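Numbered from 1 within each chain, the chains take letters A, B, ... in sequence-line order. None of these values were measured; they are calculated from a predicted model.
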Protein chains: 2
Amino acid sequence: MYDWPMSVAVSLTKSPAEVTSLAAQFKALGDPTRLDLIINVAASTGAEACVCDLTPETGLTQGTVSHHLRILVEAGLLERSQRGKWSYYSLTAVAKEILKSLNISQPARKSSKANC
Amino acid sequence: MYDWPMSVAVSLTKSPAEVTSLAAQFKALGDPTRLDLIINVAASTGAEACVCDLTPETGLTQGTVSHHLRILVEAGLLERSQRGKWSYYSLTAVAKEILKSLNISQPARKSSKANC
DNA sequence: ATCATACATTGACATTCATCAATTTGAGCA
DNA sequence: TGCTCAAATTGATGAATGTCAATGTATGAT
């Protein structure tokens, strides 16, 4: 039996607040750069990645990537943990369920780039 | 066994084009009004609804609702069929799979309002 | 033909957004 | 204490977005 993504589950008699929150998650995923970041995090070794590894993937500025990561954190899709000088971003349970729903299942891990 | 939403399935070694297309669908769903429209269509009798029934639900202008519906059509989430003076919008297969993934399954049908 | 209805389209406007360059913060190391 | 590196933040700017009022279009009825 399929394990439903409970964290994003809504009923069709959903409250306006639920619709707003779900729309906010969709909105966060609705930018190609951010969706790419999420997928790259999921594909990274240990299912976490730091900004210096994610930045070159995007072709954007470091500041811009930090900006997008913050949006994903605020949407509840990524979580940040700082170790030493590095910030590691990993998927939240909500994000994992969404990726699973989209058949973006657990990948063959991408080897980390170690750019930093 | 769960029936995976093939229409939105991507692999983690996805092409940039796939990411862009998926992000476009998320973006279309990333507006509270549009997500509300999609859910209202899904909950309507016969899984289709016309603009005059959807408009009062939103509290917005008819023109604005038409605008949002067009965006959803262009994203491949709704399809339009005109019968007489009315335009009926219904979910595409892609939209159905997404709603199913989010556990927004088939509803107890909402009775149509017949505002027009 | 005329008129009313349902919907689409246009133009305008304020707001939000994505991006960059530059600066700041903060942690480890010499 | 300085110095370096990773990341966050700020300010600015051009583009995109959501909304409305007004107009256009097409269909059916009188």
Side-chain angles (χ1 to χ4, degrees), chain A residues 16 19-20 23-38 40-41 44 46 48-75 77-90 112-116, chain B residues 16 19-20 23-38 40-41 44 46 48-75 77-90 112-116:
Chain A
V19 173
T20 302
Q25 292 180 345
F26 280 136
K27 187 175 183 179
L29 292 172
D31 180 88
T33 297
R34 286 195 291 267
L35 186 54
D36 200 52
L37 287 172
I38 285 270
N40 269 287
V41 168
S44 298
E48 64 178 10
C50 56
V51 183
C52 50
D53 281 332
L54 292 170
T55 297
E57 302 282 335
T58 65
L60 300 175
T61 301
Q62 172 265 317
T64 301
V65 173
S66 268
H67 166 70
H68 285 303
L69 290 170
R70 186 166 52 88
I71 290 177
L72 289 167
V73 168
E74 285 169 356
L77 296 169
L78 287 184
E79 50 192 6
R80 192 179 90 99
S81 76
Q82 185 164 358
R83 293 202 300 276
K85 292 189 296 185
W86 295 271
S87 288
Y88 291 92
Y89 287 87
S90 56
S112 72
K113 291 285 188 57
N115 294 106
C116 43
Chain B
V19 173
T20 302
Q25 292 179 345
F26 281 137
K27 186 176 183 178
L29 293 172
D31 180 88
T33 297
R34 286 195 291 268
L35 185 54
D36 201 52
L37 287 172
I38 285 270
N40 269 287
V41 168
S44 297
E48 65 178 9
C50 56
V51 183
C52 50
D53 281 332
L54 292 170
T55 297
E57 300 284 335
T58 65
L60 300 175
T61 301
Q62 172 264 316
T64 300
V65 173
S66 269
H67 167 69
H68 285 302
L69 290 170
R70 185 164 53 86
I71 290 177
L72 289 167
V73 168
E74 285 168 357
L77 296 169
L78 287 184
E79 50 193 6
R80 193 179 89 100
S81 76
Q82 186 163 355
R83 294 200 301 274
K85 291 188 298 185
W86 295 271
S87 288
Y88 291 92
Y89 288 88
S90 57
S112 70
K113 290 286 190 56
N115 294 105
C116 43

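Side chain A/Q62 to base D/dA8: a donor-acceptor pair is found below 3.5 Å.
At least one donor-acceptor pair closer than 3.5 Å links the side chain of A/T58 to the backbone N or O of A/T55. A donor-acceptor pair is defined here as one N or O able to donate and one able to accept, closer than 3.5 Å; no such pair exists between the side chain of B/D36 and the backbone of B/P32.
When the side-chain nitrogen and oxygen atoms of A/R80 are compared with OP1 and OP2 of D/dA8, one or more of them lie within a distance under 4.0 Å. For C/dA18, neither phosphate oxygen OP1 nor OP2 lies less than 4.0 angstrom from any side-chain nitrogen or oxygen of A/T33. Residue B/R70 places none of its side-chain N or O atoms closer than 4.0 Å to OP1 or OP2 of C/dA8.
Here the P atom of nucleotide C/dC7 and the CG atom of B/L60 are 16 Å apart, to the nearest Å. Regarding B/D31, its CG atom lies at a distance of 11 Å from the P atom of C/dC17, rounded to whole Å. The CG atom of A/L69 sits 15 Å away from the C1' atom of C/dT19 (whole-angstrom rounding). Rounded to whole angstrom, the span from the CH2 atom of A/W86 across to the P atom of C/dA27 amounts to 13 Å. When the C1' atom of C/dT10 is taken as reference, atom NE2 of B/H67 falls 12 Å away, rounded to whole Å. Note: CG (B/L37) to C1' (C/dC7) measures 15 Å, nearest angstrom. Rounded to an integer number of Å, the gap from A/Q82 CD to C/dT25 C1' is 10 Å. Protein atom CG of A/L35 is 13 Å distant from nucleotide atom P of C/dA18, rounded to whole Å.
Atoms CZ and CG, from A/R34 and A/N40 in turn, are 15.0 Å apart once rounded to the nearest 0.5 Å.
Nearest-nucleotide mapping onto DNA chain C: of B/Y89 and A/R34, the residue sitting toward the 5' end is B/Y89.
B/R83 comes within 4.0 angstrom of no nucleic acid atom, judged by non-hydrogen atoms across all strands. When heavy atoms are screened at a 4.0 angstrom cut-off, B/G63 is found touching base atoms of the nucleic acid. Using a 4.0 Å heavy-atom criterion, one finds that A/H68 contacts the sugar-phosphate atoms exclusively.
Relative to the side chain of A/T64, the nucleotides D/dG18, D/dA6, C/dT19 differ in distance, and C/dT19 lies closest. Relative to the side chain of B/C52, the nucleotides D/dA6, C/dA6, C/dA18 differ in distance, and C/dA6 lies closest. Closest contact between the side chain of A/T61 and the listed nucleotides D/dA6, C/dC20, D/dA21 involves C/dC20. Relative to the side chain of A/S66, the nucleotides D/dT19, D/dA8, C/dA8 differ in distance, and D/dA8 lies closest. Looking at the side chain of B/K85, the nearest of the listed nucleotides C/dT5, D/dG18, D/dA8 is C/dT5. Distance from the side chain of A/K27 is smallest to C/dC17 among D/dA8, C/dC7, C/dC17.
Checked options B/E79, B/R80, B/R83; the residue passing with B/E48 is B/R83 (criterion: side chain to side chain contact (heavy atoms under 4.5 Å, CB included)).
No side-chain heavy atom of B/T64 sits under 4.5 Å from any side-chain heavy atom of B/T33.
Remark: B/E74 pairs with B/R70 by the salt bridge (Lys or Arg N to Asp or Glu O under 4.0 Å) rule, at least two apart or across chains.
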